[in-house]
Amino acid sequence: MLIVILRVGASTQDAADTTENTRKASRPFFRAAVEEETKAAEEIVGLIEPVTKIYLDLTLSGSKADS
């Protein structure tokens, strides 16, 4: 959600300009957040197969796998 506060008597164009400037300024932060989330997701994906293999190996060998 984007909230823009303007001075009394500001025009519609002032509002549009302020909104666009705010969007442009926030783009680098949004991109950084997306990159950080993507990196975290890739790290999690890398854990799924090894953890599942360990769980299956323990379960199939009769060991307790959920502790």
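Just so it is clear, the model here is predicted, and its values are computed rather than measured.
Although no hydrogens or angles enter the test, the distance criterion places no donor-acceptor pair under 3.5 Å between the side chain of S63 and the main chain of T59.
When the shell of 6.0 Å around CZ of R27 is examined, it contains more than 12 heavy atoms from other residues, nucleotides or ligands.
In this structure, K39 NZ and I44 CD1 are separated by 12.5 Å, a value rounded to the nearest 0.5 Å. Between the CG atom of L56 and the NZ atom of K53 there is a distance of 8.5 Å, given to the nearest 0.5 Å.
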